[in-house]
Amino acid sequence: MAETDVRVALVTGPDATVLKRIVRALVDERLIACANLLEGATSIYRWQGEVQEDAECLGLLKTTVGRIPELERRLRELHPYDVPEFIVLPVSGGCPDYLDWVRTST
C-alpha cells in the first residue's frame, strides 16, 4: 500500500486539560483535523541526568505532511515543556473518505 500525505503526530503533555487547550487551538487554526487524547499514560525517561517517571496524557494528532512545519512551530509555542514530544508517523492507508476529510480539514 502506498504512503499517503496524511500523518499522525504523537504528542504528550502533563494532563488532558493542557492538551485539550493545545489541541483546540490547533484545530481552530486548521493545523490538525482532529486529535484523540488518551489519559493515563506513564512516561519513564531520562531528563537532566535523572530517570523520571510521570503521569501524562498522549495525543494522537491527524494532519497532512504540508502542515507539519507550521504544526511543530505552533506546538512549541503552546506547549509547557521545554522539549515537547513531537513524533510524526506516516499513514500508509486508510478509509479514503476519512483521509480526504483530514486533508480538507487542515
Same cluster or not: [X] versus [Y], using hydrophobic residues (I, L, V, M, F, W, Y) connected whenever any side-chain heavy atoms lie under 4.5 Å apart?
| X | Y | result |
| --- | --- | --- |
| L78 | L75 | yes |
| L58 | I87 | yes |
| V102 | L60 | yes |
| L71 | V88 | yes |

Report all side-chain donor-acceptor pairs from residues 22-29 shorter than 3.5 Å, counting only partners two or more places apart or in another chain.
from: E29; atom 1: OE1; to: R74; atom 2: NE; distance (Å): 2.8
from: E29; atom 1: OE2; to: R74; atom 2: NE; distance (Å): 3.1
from: E29; atom 1: OE2; to: R74; atom 2: NH2; distance (Å): 2.9

task = Look only at the side chain of S43 and the backbone of D54, and say whether a donor-acceptor pair between them is shorter than 3.5 Å.
result = no
remark   = Interatomic distance, CZ@R76 vs CG@D82, rounded to 0.5 Å, equals 10.5 Å
task = Could you tell me the separation between the OG1 atom of T63 and the CZ atom of R30, rounded to the nearest 0.5 Å?
result = 11.0 Å
task = Considering non-hydrogen atoms only, spot the tightest contact between A33 and T106 and give its length.
result =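 Smallest interatomic distance, heavy atoms only, reads N-CG2, 3.4 Å.
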Qualifying residues under side chain to side chain donor-acceptor pair (under 3.5 Å), relative to Y81, sequence neighbours excluded = E56
key: Residues which pass side chain to side chain donor-acceptor pair (under 3.5 Å) with R73, listed by chain and number, not counting sequence neighbours   = E70, E77
Side-chain polar contacts of residues 6-19 - donor-acceptor pairs under 3.5 angstrom, sequence neighbours left out - could you list them?
from: R7; atom 1: NH1; to: T4; atom 2: O; distance (Å): 2.6
from: R7; atom 1: NH2; to: E3; atom 2: OE2; distance (Å): 2.7
from: T12; atom 1: OG1; to: E85; atom 2: OE1; distance (Å): 3.1
from: D15; atom 1: OD1; to: T17; atom 2: N; distance (Å): 3.1
from: D15; atom 1: OD1; to: V18; atom 2: N; distance (Å): 2.8

Within 6.0 Å of CZ in R21, more than 12 heavy atoms from elsewhere =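 Enclosed: over 12 neighbouring heavy atoms sit under 6.0 Å from CZ of R21.
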query = Tell me the ring-ring contact (aromatic ring centres under 6.0 Å, His included) pairs involving residues 87-106, sequence neighbours left out?
reply = Y98-W101
ask   = By the rule that ILVMFWY residues connect when side-chain heavy atoms come within less than 4.5 angstrom, directly or transitively, which residues belong alongside Y45?
value =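 Via sub-4.5 Å side-chain contacts, Y45 links to W47, V83.
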Worked verdict on I32 versus R67 for side chain to side chain contact (heavy atoms under 4.5 Å, CB included) = CA-CA 8 Å; I32 63 172; R67 301 302 274 160; over 6 Å; no
